[in-house]
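By convention in this document, chain letters (A, B, ...) are assigned in the order of the sequence lines, proteins followed by strands, and residues within each chain are numbered from 1. Keep in mind the model is a prediction, meaning the values are calculated, not measured.
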Amino acid sequence: MNKQNSKHYFCKMNIKKVRVRFAPSPTGGLHLGGVRTVLFNYLFAKHFNGDFILRIEDTDQTRFVEGAEEYIYECLNWLGLQPDESPKHGGNFAPYKQSERKPIYKQYAEQLIVQGNAYYAFDTAEELDTKRKTEANFQYNLHTRMGMKNSLSLSAEETKKLLDEKKPFVIRIKMPDNEEVKFTDMIRGEVKFNSNQIDDKVLLKADGMPTYHLAVVVDDYLMKISHAFRGEEWLPSAPVHILLWQYLFGIENMPQWAHLPLILKPDGNGKLSKRDGDRLGFPVFAMDWTDPKTNEKTIGFKERGFLPEAFINMLVMMGWNDGTDKEIFSLQELIDAFLMERVHKAGAKFDYEKAKWFNHEWIKKSTNYKLQTTIENLLKENNITAIDLNKLDQVIELVKDRCTFLTDFIQQSSFFFKQPETIDITAIQPKWNEQRNLFFAELIRTYELTQQWQHEVLENEFKEIAAVNEIKPGELMLPFRIMLVGGKFGPHVFNIAEILGKEETIKRIKHCLTLLK
RNA sequence: GGCCGGUUCGUCUAUCGGCUAGGACAGCCCCCUUUCACGGGGCAAAGACGGGUUCGAUUCCCGUACCGGCUACCA
């Protein structure tokens with residue numbers, strides 16, 4: 001089935017430039033699932049040298065959220081998934097914001113009325129509400145529409161009168177009677193519906209704005225979209241869109257649809273939501289999002305310490321693979337390897353542990369140079385200035401293996417640049433004695449004379465003195481570590497000492513010895 | 001309720017009719033390591049169920065179960 005599909009869309013592509021779109025409604029934080037939709041769009045488009053378009057679906061004016069659009073650009077920017085066309089980037093099919101395209105939609109809605117595929121409906125929201133309350137499973141459809149207040153049930157004169165009186169109305173699609181509506185989904189193959197099952201969806205709202213159903217069809221046509229990807233939750237309304245294409249622009253011009261599998265909660269079942277992240281302690285949004293009304297801040301993957309490469313890599317592997325065991329992919333590798341045929345049908349439960357693994361892998365894989373700026377800024381935010389970039393490079397090299405998050409670099413490398421604020425003296429105090437005190441005094445004298453300040457040398461000297469004093473080196477390593485880093489963490493002590501340098505190392509030992517007195 | 005979709009280790013997945021069902025994360029064990037990691041090695045762990053089709057079904061078909069999505073003048 002999938003193979004046939006691929007042939008199908010390959011044929012189409014020879015005559016049609018690949019153009020895809022991501023069409024979010026700017027109502028809040030950018031969800032994991034949204035990012036994955038962006039990603040699949042982007043990878044597919046770039047694989048075929050096509051265009052990736054960002055269209056803002058802001059037709060619901062009641063849901064306008066300040067800053068949400070700008071936030072989407074920031075997320076895409078962080079991820080390195082830049083649109084070729086967007087409200088911000090411009091393009092030949094502007095405007096890309098549906099609220100600015102309002103006049104366009106009306107003419108198509110009216111065309112549908114003229115053709116007999118749609119009708120005016122004057123029922124108020126309250127009337128519909130009560131209807132739904134009194135009649136279980138009420139649907140505005142072939143069975144009920146003649147009992148409602150619309151241009152099908154009313155005479156032409158009555159309708160005209162209501163229109164002339166400027167009575168509020170919506171335009172609804174007239175679903176055909178008992179027709180089979182089918183299409184071929186790139187992921188699922190042929191999907192069929194019976195038109196009787198679907199209600200007469202509103203196409204144009206009382207405020208003159210289109211609903212998603214009309215807007216998506218009109219804009220996909222006008223923007224010459226060749227392939228339309230969206231979440232699986234849209235599958236049930238696909239027949240409305242298919243019919244609209246048929247009525248308005250011709251089914252042969254319709255983009256190829258792909259309904260992407262959902263990202264599910266790690267525990268239990270159902271779509272992953274922001275709530276789940278809060279509850280289970282992991283981010284769901286790409287970047288920090290602060291609700292302008294409540295001022296409530298929701299953590300993002302970026303601020304949690306994820307590398308965009310890792311975030312992308314993790315998301316793409318939920319539902320796609322290249323057929324081999326390869327799991328780590330760069331963006332370019334993904335672009336090269338990405339094929340729709342290899343997209344999985346079933347939803348995937350989000351696994352934060354695996355997400356962390358991807359991030360760790362990417363931190364280890366990244367060059368020190370690449371990490372440098374990010375880490376420098378991170379340290380700066382924590383009042384640590386790493387002016388010596390050469391030293392920072394050495395530190396990153398030494399420490400990156402043990403950082404799962406970028407934020408782990410704060411704890412793992414602060415002490416290289418700044419004397420530890422707190423020293424876990426209780427970890428060494430109980431076993432501290434005069435013999436150890438003398439050892440470190442001697443160590444200071446030796447290190448002061450050390451010519452080659454290298455970890456091998458330092459380690460040898462350390463062990464020699466231990467041997468002479470008949471102390472097991474193991475008993476001295478921990479105290480030494482605490483003296484240099486303040487706690488029981490960090491890379492090998494002598495590597496730390498090497499990077500710290502002679503002066504600083506000795507200073508820290510001395511400081512600690514006074515604390516132990 | 002109706003419609004649509006989905007179903008391989010705990011999780012993400014491979015398998016395009018030949019399977020001793022492979023990999024990764026997590027788990028457990030061992031090695032390395034005079035902190036913690038990294039790394040190396042190993043163990044355990046799966047085809048929802050019932051019918052077909054077939055020499056042979058995880059793979060194809062049908063049914064059942066379970067899970068999910070949708071059922072707004074929201075997307």
Which part of the nucleic acid does [X] contact within heavy-atom distance under 4.0 Å: base, sugar-phosphate only, or nothing?
X	value
A:Asp408	nothing
A:Ile198	nothing
A:Lys192	sugar-phosphate
A:Val191	sugar-phosphate
A:Thr404	nothing
A:Lys349	sugar-phosphate
A:Ala348	sugar-phosphate
A:Gly319	sugar-phosphate
A:Arg342	sugar-phosphate
A:Val170	base

**Set of residues satisfying salt bridge (Lys or Arg N to Asp or Glu O under 4.0 Å) with respect to A:Arg230, sequence neighbours excluded** =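 With neighbours one apart ignored, the set is empty.
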**Message:** I'd like to check the salt bridge (Lys or Arg N to Asp or Glu O under 4.0 Å) partners of A:Arg279; sequence neighbours left out, ordered by chain and number.
**Reply:**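 Salt bridge (Lys or Arg N to Asp or Glu O under 4.0 Å) list for A:Arg279, sorted by chain: A:Asp267, A:Asp276.
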For [N], what is the paired nucleotide under Watson-Crick or G-U wobble rules, both distances under 3.5 Å?
N	answer
B:C25	B:G10
B:C32	none
B:U20	none
B:U71	B:G1

Compare side-chain N and O positions of [X] against OP1 and OP2 of [N] and report whether any pair is under 4.0 Å apart.
X	N	result
A:Arg172	B:A72	no
A:Thr59	B:A75	yes
A:Arg63	B:C73	no
A:Asn321	B:A14	yes

Quick check: do [X] and [Y] have side-chain heavy atoms less than 4.5 Å from each other?
X	Y	value
A:Lys201	A:Thr211	no
A:Ile328	A:Lys365	yes
A:Tyr352	A:Pro283	yes
A:Ile396	A:Ser413	no

**Prompt:** Relative to A:Phe329, does A:Lys326 satisfy both conditions: NZ or CZ under 6.0 angstrom from the six-membered ring centre, and within 45 degrees of the ring's axis?
**Reply:**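 Yes, a cation-pi geometry.
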**A:Phe440 six-ring centre to A:Arg436 NZ/CZ under 6.0 Å and within 45° of normal** =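 Relative to the ring axis of A:Phe440, which defines the angle, A:Arg436 lies outside at least one limit.
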Using the [atom1] atom as the reference point in each nucleotide, state the distance between [N] and [M] in Å, no decimals.
N	M	atom1	result
B:U13	B:U54	C1'	28 Å
B:U53	B:G1	C1'	35 Å
B:G47	B:U59	C1'	10 Å
B:G69	B:C49	C1'	23 Å
B:C31	B:U35	P	14 Å
B:G42	B:G23	C1'	16 Å
B:U11	B:A26	P	16 Å
B:A37	B:A14	C1'	31 Å

**Item:** RNA chain B: 5'-proximal contact among A:Gln139 and A:Ser237 (nearest heavy atom)
**Value:**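 Nearest-nucleotide comparison on RNA chain B picks A:Gln139.
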**Request:** For A:Ala355 and for A:Asp401, locate the closest nucleotide of RNA chain B by heavy-atom distance; then report the residue assigned to the nucleotide nearer the 5' terminus.
**Result:**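 The residue closer to the strand's 5' end, by nearest nucleotide, is A:Ala355.
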**Request:** Would you confirm whether the ring centroid of A:Phe40 sits within less than 6.0 angstrom of the ring centroid of A:Phe229?
**Result:**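 Judged by ring-centre distance (under 6.0 Å), A:Phe229 and A:Phe40 do not meet the cut-off.
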**Prompt:** Does the ring center of A:His241 lie less than 6.0 Å from the ring center of A:His213?
**Reply:**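 So the answer is yes for these two rings.
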When you get a sec, tell me which of [options] is the closest nucleotide to the side chain of [X]?
X	options	value
A:Pro236	B:U35, B:C70, B:A14	B:C70
A:Asp351	B:A14, B:G2, B:U11	B:U11
A:Lys271	B:G69, B:U71, B:U11	B:G69
A:Ser25	B:A75, B:G23, B:C36	B:A75
A:Ala346	B:G23, B:C74, B:U7	B:U7
A:Glu233	B:C70, B:G68, B:C4	B:C70
A:Glu327	B:A24, B:U13, B:C25	B:A24

**Asked** Side-chain donor or acceptor of A:Lys354 under 3.5 Å from a matching atom on the base of B:A24?
**Response**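 It does, because a donor-acceptor pair links the side chain of A:Lys354 to the base of B:A24 below 3.5 Å.
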**Prompt:** For B:C38, is chi within 90° of 0 (syn) or not (anti)?
**Reply:**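 B:C38: syn.
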What's touching nucleotides 32-34 of chain B from the protein side, N or O pairs under 3.5 Å?
from  : atom 1 : to       : atom 2 : distance (Å)
B:U34 : N3     : A:Gly474 : N      : 3.2

